There are 2 protein chains.
Amino acid sequence: MTVPRLLLVEDDPALAELIEFRFKAEGYAVTATPDGDEALLLAQEEAPDLVLLDWMIEGTSGIEVCRRLRRLQETAHVPIIMLTARGAEDDRIRGLDTGADDYVTKPFSPRELVARVNAIMRRIRPALAGEVLSVGDLALDAKAHKATRRGQILSLGPTEFRLLKFFMEHPGRVFSRGQLLDAVWGTESDIELRTVDVHIRRLRKGIEVPGAPDPVRTVRSAGYSLEAV
Amino acid sequence: MTVPRLLLVEDDPALAELIEFRFKAEGYAVTATPDGDEALLLAQEEAPDLVLLDWMIEGTSGIEVCRRLRRLQETAHVPIIMLTARGAEDDRIRGLDTGADDYVTKPFSPRELVARVNAIMRRIRPALAGEVLSVGDLALDAKAHKATRRGQILSLGPTEFRLLKFFMEHPGRVFSRGQLLDAVWGTESDIELRTVDVHIRRLRKGIEVPGAPDPVRTVRSAGYSLEAV
DNA sequence: GGTTTGATGACAGGTTTGTGACAGATGGAG
DNA sequence: CTCCATCTGTCACAAACCTGTCATCAAACC
């Protein structure tokens with residue numbers, strides 16, 4: 001779930017292998033097929049994050065595959081990059097109008113293709129663009145105001161959420177109660193130091209999932225820290 | 001608020017005018033400037049939906065403008081298409097890695113540029129591109145001014161409709177009452193924050209269908225969000 | 001053992017959100 | 001022009017939920 005998945009539809013075996021190799025090196029999971037109809041099935045089964053689609057392929061043509069992908073509920077919003085030997089402007093425009101998100105003309109360099117894929121991934125998978133904090137099995141999406149552990153959604157109160165966010169911004173570091181008060185409650189708050197203990201407990205309870213160890217470490221006479229587990 | 005806005009940064013007056021004309025004909029609102037520094041100011045003021053950015057411009061260079069746009073909170077997520085005379089692959093990759101979303105090499109045809117812009121708009125503001133928004137079992141057709149849930153047509157008041165549309169353009173994201181007022185009521189409206197609550201309730205009531213869970217999530221002390229259900 | 005430090009459960013008070021009611025505004029039908 | 005239906009922004013109250021504190025117990029330290 002954490003590795004972005006590509007579906008590659010390309011009937012030139014040499015080129016397919018080259019692309020596959022390159023993207024695997026970049027940390028993508030790649031499924032490849034030379035056939036348009038199979039591509040449609042795979043797209044529904046595997047729910048890839050992005051499709052690389054050759055224009056000229058066996059079976060159903062690339063542009064037809066593109067159109068059908070757009071029509072299917074499950075794949076309607078998966079970004080598509082068209083690959084093509086043709087340089088004709090009309091084809092490019094037709095590709096984009098059919099619902100492709102981008103268009104790369106052969107011969108292209110693998111590096112450029114990677115750069116374009118990365119650019120699109122940045123847009124659609126915030127987790128890959130560093131917009132989601134992640135420490136060990138914890139993840140926190142500030143925009144969606146959602147925190148998860150091992151995929152499970154956590155329900156935290158406002159203060160616990162801020163506390164967790166602060167910890168996740170500085171994983172492993174130990175903070176004194178005073179520092180936590182300043183950072184999470186604000187400098188002007190005038191609150192008992194010991195109150196932090198209570199919120200730490202509430203946080204611990206909030207991020208508790210069966211079988212997982214407690215990532216909040218107590219450092220006696222120093223404070224607390226969040227450890228990657 | 002309903003017309004997609006472009007910011008064009010191009011110092012060749014003839015080309016700028018050509019592009020501007022073309023996009024206005026396509027129904028875009030275009031702001032143009034030849035200057036990089038001014039572009040940065042305009043981008044913050046006008047919050048365009050997309051930026052067309054020439055690589056070689058007076059003042060701050062295109063790539064520098066791109067980098068700064070990415071760094072500014074307000075503009076970090078505005079898509080950028082780079083325009084350039086250079087065909088060198090390294091430049092293209094550098095542009096994409098800097099945060100540009102797409103890259104068009106001069107000479108390009110206005111039609112292709114339009115197609116690329118449309119492709120990106122479809123992805124980021126589907127409602128503006130005349131597409132049907134879809135989040136979970138909700139669908140909203142901005143053109144037809146119609147919203148449905150599980151196929152059932154919903155009857156919503158004007159404000160609830162705008163509210164739903166805004167939520168559906170940013171699914172999963174949490175917005176404070178203030179942000180919602182700005183986005184749905186307009187920046188100058190001077191309305192009680194709590195009024196948002198009431199419209200949220202009206203929206204909830206309006207999209208209620210038997211057996212379906214409530215997709216509007218309350219995030220205590222933060223705001224509301226629309227979740228795919 | 002005595003002392004210090006942290007964990008925990010309970011709780012009263014406070015804050016935030018949900019909800020029904022309402023009066024004024026708006027706009028269309030007749 | 002008047003009537004009627006609809007929509008809007010507020011308010012007041014209830015309900016849900018959070019929060020800071022304390023007293024007490026457990027653990028670590030010396």
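Values in this document were obtained by computation on a predicted structure and should not be read as measured data. Order of the sequence lines fixes the chain letters, A, B, ..., with proteins taken first and strands second; residue numbering starts at 1 for each chain.
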Looking at C:dG18, does its base get a donor-acceptor pair with the side chain of B:R204 below 3.5 Å? no
Select one nucleotide: of D:dT19, C:dT17, D:dT8, the one nearest the side-chain heavy atoms of B:P158. D:dT8
DNA chain D: A:R220 or A:R194, which has the more 5' nearest nucleotide? A:R194
Classify A:F161 by what it touches in the nucleic acid, base, sugar-phosphate, or nothing, heavy-atom distance under 4.0 Å. nothing
Measuring to OP1 and OP2 of C:dA7, would you say a side-chain N or O of A:T218 lies under 4.0 angstrom away? yes
For B:T31, which of B:E45, B:E46, B:R5 qualifies under side chain to side chain donor-acceptor pair (under 3.5 Å)? B:E46
Select from A:L156 and A:L193 the residue whose nearest nucleotide in DNA chain D is closer to the 5' end of that strand. A:L156
Does the plane of the ring in B:H145 sit parallel, tilted or perpendicular to the ring in B:F161? Use 30° and 60° as the thresholds. parallel
5'-most contact on DNA chain C (nearest-nucleotide basis), B:K205 vs B:G223, goes to B:G223
Among C:dT17, D:dT19, C:dG20, find the nucleotide with the atom closest to the side chain of A:E160. D:dT19
Are B:R149 and B:D214 close enough for a salt bridge, meaning some N to O gap below 4.0 Å? no
Touch class at under 4.0 angstrom, heavy-atom based, for A:T195 against every strand present: base
Closest-nucleotide 5' rank along DNA chain C - winner of A:R202 and A:S221: A:S221
Between A:Y224 and the options A:R217, A:R173, A:R177, A:H199, the side chain to side chain donor-acceptor pair (under 3.5 Å) test singles out A:R177
Atom CH2 of A:W185 and atom C1' of D:dT19 are separated, to the nearest Å, by 10 Å
